[in-house]
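Both counts, for ligands and for their atoms, begin at 1 and track the order of listing. All figures in this text were calculated on a predicted structure; none of them were measured in a lab.
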Amino acid sequence: MSQITYQFEYESRLRCAFIGAGGHSYRNVYPSFQYAPIDLVAVCDQQADRAATYARMFGGGNSYDDHHKMLEQERPDAVFIVTSYDEDGRVQATDLALDCLAAGVHVWMEKPTAASVAEIRQLQAAAESNDRVVMTGLKKIFTPAMTKAKSITESEEFGGITSITVRYPQSLPDQEAKQDPRRLIGFLDHIYHPGAVLTYLGGKATRFSYEQDPVAGGSVSTLRFESGAIGSLHLAGGAASTSPLERVEVVGRGANLVIEDGVRLTYYRPGAKLGYGRSGSYIVDDDVAPLIWQPEHSLGQLYNKNLFYLGYVAEILHFCEAVQNGTAPVKGTLDQSLSIMHLFDAYRRTSPGQTVDLPLPD
Ligand SMILES: NC(=O)c1ccc[n+]([C@@H]2O[C@H](COP(=O)([O-])OP(=O)(O)OC[C@H]3O[C@@H](n4cnc5c(N)ncnc54)[C@H](O)[C@@H]3O)[C@@H](O)[C@H]2O)c1
């Protein structure tokens with residue numbers, strides 16, 4: 001990711017088609033193609049005029065209002081799917097991904113991958129039987145800050161992860177509303193972000209409980225991971241919309257790191273000695289002092305463009321590399337989506353104060 005290649009500089013590019021010409025894809029996904037080995041050959045949206053407009057704007061060749069027709073006529077290597085929800089709360093992209101796999105096409109899809117554990121398993125089976133890649137754009141685990149944080153937690157000096165806390169603003173519907181998939185759309189839509197971070201850093205969660213505030217729907221959960229580490233997820237429903245959304249803290253042994261607002265990473269390195277009662281200065285030796293990374297916002301650089309610091313370009317490059325090299329992606333995998341769905345399921349099927357082992361039985 002340190003040296004970016006512009007799209008037109010790639011010697012070989014994937015023939016890609018796109019399903020969905022909506023708001024998010026306009027802002028963040030099509031523009032990321034400028035930095036990926038992608039030849040956009042077709043755009044499909046049920047709104048034919050939108051598909052034609054996006055095809056023209058993003059160099060997408062032909063436009064369609066029916067994805068079956070597009071798959072048949074274009075025979076792309078891969079399809080990007082950025083669609084929305086059906087009225088009953090189903091994730092439109094899930095069935096579209098199954099159709100693409102059946103047509104022998106690799107799939108990159110926006111989160112949420114699906115609305116249930118069973119649907120993720122269906123996608124896993126279809127990906128395997130058709131020998132195709134399915135990747136979800138879990139952007140939070142592709143940000144430069146998170147990528148660096150992950151490598152710090154894997155370093156010997158960090159001492160292994162002992163605990164993790166993640167804060168993200170999101171309300172959880174009450175017990176009655178949770179039974180209605182339509183009223184869970186907002187929660188499903190957003191749990192993928194902190195859920196991806198917890199899964200990426202902590203691995204599989206094996207125990208879960210939460211408390212919920214009855215006014216704003218905020219919640220705090222405690223988690224235990226297979227590794228033995230513990231974690232908490234503070235879903236700060238009720239937070240101001242002007243507030244930074246996120247804070248992630250990972251603690252090792254005598255070392256910890258914090259990511260504020262998705263971009264500012266501080267690593268409190270191990271080894272500093274500040275004897276209690278006699279230390280007149282908090283300045284420690286340079287080789288054990290905290291390290292801070294944050295972007296400057298003055299230069300016309302790629303790193304201070306949201307397509308990069310929010311992880312969009314990186315998640316697309318990861319997919320393209322997997323398809324071009326014939327390897328499986330290691331981030332945005334269906335296994336990671338499955339872990340997130342297990343967490344979603346636990347919020348959906350348990351009551352505040354209840355402690356359960358994860359995953360819940362089907
Ligand atoms: N990762 C992120 O940062 C982020 C941010 C916002 C949204 N999203 C995700 O992006 C997705 C889209 O969100 P949005 O706000 O752009 O939605 P949107 O409603 O603006 O766009 C969806 C588009 O898909 C089209 N569509 C639906 N079914 C179709 C089908 N069968 N064939 C062809 N076209 C079809 C619709 O006509 C619409 O134009 C959601 O899954 C959302 O969770 C992700």
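Under the 6.0 Å cut-off for aromatic ring centres, Tyr35 and Phe308 qualify, their centroids lying closer than that. Between Tyr30 and Phe18, the gap from one ring centroid to the other is short of 6.0 Å. For Phe208 and Tyr347, the ring centers are positioned less than 6.0 Å apart. Ring-centre distance between Phe58 and Tyr26: below the 6.0 Å cut-off.
Linking Ile, Leu, Val, Met, Phe, Trp and Tyr whenever their side-chain heavy atoms come within less than 4.5 Å leaves Val41 and Leu14 in two separate clusters.
Remark: ligand 1 atoms within the under-4.0 Å shell around heavy atoms of Pro112 are 41 (O), 43 (O). Listed by number with element, the atoms of ligand 1 under 4.0 angstrom from any heavy atom of Asp189 are 42 (C), 43 (O). Taking every non-hydrogen atom of Leu96 and a distance limit under 4.0 Å, the qualifying atoms of ligand 1 come out as 31 (N). Listed by number with element, the atoms of ligand 1 under 4.0 Å from a non-hydrogen atom of Thr83 are 11 (C), 12 (C), 13 (O), 22 (C), 24 (O), 26 (N), 27 (C), 28 (N), 29 (C), 35 (C), 40 (C), 41 (O).
In terms of protein heavy-atom proximity, atom 21 (O) of ligand 1 is nearest to Gly22 CA, 3.3 Å. Nearest protein neighbour of atom 1 (N) of ligand 1, counting heavy atoms only, is Glu110 OE2, 3.3 Å. The shortest contact between atom 19 (O) of ligand 1 and any protein heavy atom is with Ser84 CB, 3.8 Å. Among all protein heavy atoms, the one lying closest to atom 38 (C) of ligand 1 is Asp45 OD2, 3.5 Å. Among all protein heavy atoms, the one lying closest to atom 20 (O) of ligand 1 is Gly23 N, 3.0 Å. Ranking protein heavy atoms by distance to atom 27 (C) of ligand 1, first place goes to Gln92 OE1, 3.2 Å. Summary of contacts: the protein heavy atom closest to atom 10 (O) of ligand 1 is His24 CD2, 3.3 Å.
Proximity of Gln46 to ligand 1, defined as any heavy-atom pair under 4.0 Å, is shared by backbone and side chain alike.
If you check the side chains of Gln124 and Asp335, you find a donor sitting under 3.5 Å from an acceptor. Donor-acceptor pairing under 3.5 Å is lacking for the side chains of Ser232 and Thr222.
Remark: distances from the non-hydrogen atoms of Lys111 to ligand 1 include one below 4.0 Å. The shortest separation from a heavy atom of Ala21 to ligand 1 is under 4.0 Å, placing the residue in contact.
The shortest N or O to N or O distance between Tyr312 and ligand 1 is under 3.5 Å. For ligand 1, the polar-atom distance check finds no N/O of His193 at less than 3.5 Å from any of the ligand's N/O atoms. For the pair Gln47 and ligand 1, the shortest N or O to N or O distance falls below 3.5 Å. On a distance-only criterion, Tyr85 and ligand 1 share no N/O pair closer than 3.5 Å.
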- Task: Quick one: do Arg90 and Asp95 satisfy salt bridge (charged side-chain N to carboxylate O under 4.0 Å, His left out)? Show the steps, please.
- Result: CA-CA 9 Å; Arg90 283 202 51 157; Asp95 289 340; 3.0 Å; yes
- Should Glu176 and Lys178 be marked as a salt bridge (charged side-chain N to carboxylate O under 4.0 Å, His left out) after you check the CA-CA gap, both sets of side-chain angles, and the distance that decides it? CA-CA 5 Å; Glu176 192 200 321; Lys178 280 198 296 186; over 6 Å; no
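Identified under the side chain to side chain donor-acceptor pair (under 3.5 Å) test for residues 47-57, with sequence neighbours left out: Arg50-Tyr54.
With contacts defined as side-chain heavy-atom distances shorter than 4.5 Å, the pair Cys320/Pro37 qualifies.
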